[in-house]
Amino acid sequence: MERIIRRYSAYFPRWCQAFGDHVPDPGGEARAVEWLVGADCVGVIVLPEIRHLLTHELLGAKTPELEFCARSLRLNQRDYKEVTVLGHPGYAALCELLLGVDEAHMFLTYHLIYPPGTRIITVSRKPPLPLLYKEMAPLPISVTE
């Protein structure tokens, strides 16, 4: 199924809205990826060096190619199959969110319970606050069950 993700960047660097209520990732140990699942959104916290790459790929000026499947992910020319992250309930919640809407919204958020400077790549059913974010070119994606 084809979907549209509307992408947003902050008007001012490092400004963003709070993620809100969520179920924290029960992992506990330090990992490269941590999932946050809220009522109408799914967020992912990744290590800073990975976040910079993902932020550049997903929220940069160039529109990436993105395809979600139950057990694989394709971002531009990179395929990720059967990676531990893709079997996580957070990834399943993201796929479910994307399958349940015609268009979603992607932007960076933060949360007070995480260390200062932590940014959450957020995909939401609702758009972010228009005072903080400007819309970029939309991202067409493919989502399959």
Side-chain angles (χ1 to χ4, degrees), residues 1-28 30-76 78 80 83-145:
M1 300 175 159
E2 294 297 315
R3 297 287 189 256
I4 296 292
I5 295 184
R6 299 204 174 276
R7 302 180 304 153
Y8 301 85
S9 64
Y11 282 110
F12 302 103
R14 292 175 275 177
W15 281 31
C16 52
Q17 72 185 43
F19 186 82
D21 290 336
H22 65 282
V23 176
D25 196 337
R31 290 169 292 149
V33 176
E34 186 172 341
W35 293 93
L36 292 73
V37 179
D40 290 318
C41 58
V42 175
V44 63
I45 299 172
V46 294
L47 294 174
E49 55 273 13
I50 299 169
R51 185 184 75 230
H52 294 301
L53 170 71
L54 280 178
T55 302
H56 178 74
E57 292 280 336
L58 296 173
L59 295 170
K62 186 178 176 187
T63 303
E65 294 177 24
L66 188 57
E67 183 177 330
F68 290 90
C69 297
R71 302 297 287 169
S72 67
L73 173 68
R74 179 180 177 88
L75 176 57
N76 292 329
R78 292 184 210 100
Y80 303 94
V83 178
T84 307
V85 170
L86 302 180
H88 193 280
Y91 183 77
L94 176 60
C95 288
E96 183 179 322
L97 184 148
L98 293 172
L99 285 167
V101 297
D102 290 331
E103 64 181 38
H105 307 272
M106 181 188 301
F107 47 96
L108 292 178
T109 59
Y110 79 99
H111 200 286
L112 292 174
I113 65 172
Y114 299 102
T118 299
R119 291 296 177 255
I120 305 163
I121 300 171
T122 302
V123 177
S124 175
R125 294 179 195 273
K126 299 176 183 176
L129 297 171
L131 272 168
L132 296 177
Y133 298 90
K134 57 186 169 196
E135 190 167 354
M136 304 167 57
L139 169 61
I141 63 167
S142 174
V143 184
T144 57
E145 294 182 56

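Computed from heavy atoms alone, side chains included, the values below leave out hydrogens, waters and symmetry copies.
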Using side-chain heavy atoms (C-beta onward) and a distance below 4.5 Å, is [X] in contact with [Y]?
X      : Y      : result
Leu132 : Tyr11  : no
Tyr133 : Pro127 : no
Thr144 : Met1   : no
Leu139 : Ile4   : no
Arg119 : Cys16  : yes
Ile113 : His22  : yes
Cys41  : Phe19  : yes
Val37  : Leu94  : no

Roughly how far, to the nearest 0.5 Å, is [atom2] of [Y] from [atom1] of [X]?
X      : Y      : atom1 : atom2 : result
Ile121 : Leu108 : CD1   : CG    : 6.5 Å
Leu73  : Ile141 : CG    : CD1   : 10.0 Å
Met106 : Ser124 : CE    : OG    : 11.5 Å
Glu67  : Glu2   : CD    : CD    : 8.5 Å
Leu112 : Thr118 : CG    : OG1   : 11.0 Å
Ile45  : Thr109 : CD1   : OG1   : 8.0 Å

Minimal non-hydrogen separation, [X] against [Y], with atom names:
X      : Y      : value
Lys126 : Phe107 : O-CE2, 3.9 Å
Lys134 : Ala10  : CE-O, 4.1 Å
Val123 : Ala104 : CG1-CB, 3.9 Å

Taking the inter-plane angle between the rings of [X] and [Y] on a 0 to 90° scale, is it parallel (under 30°), tilted (30 to 60°) or perpendicular (over 60°)?
X      : Y     : answer
Trp15  : Phe12 : tilted
Phe68  : Tyr91 : tilted
His105 : Tyr8  : tilted

Check for a donor-acceptor pair, side chain of Gln17 on one end and backbone N or O of Leu129 on the other, with a separation under 3.5 Å.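 A pair under 3.5 Å: yes.
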Taking the side chain from Arg74 and the backbone from Glu65, do they hold a donor-acceptor pair closer than 3.5 Å?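 No, the answer is negative, given that no donor and acceptor are paired below the 3.5 Å cut-off.
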Checking Ile5 against Leu98 for the side-chain contact (heavy atoms from CB on, under 4.5 Å) test, could you report, in this order, the C-alpha distance in whole Å, the side-chain angles of both residues, the deciding distance, and whether it holds? CA-CA 9 Å; Ile5 295 184; Leu98 293 172; 4.1 Å; yes
Is Glu135 atom CD crowded by more than 12 heavy atoms from other residues, nucleotides or ligands, each under 6.0 Å away?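 Result for CD/Glu135: enclosed.
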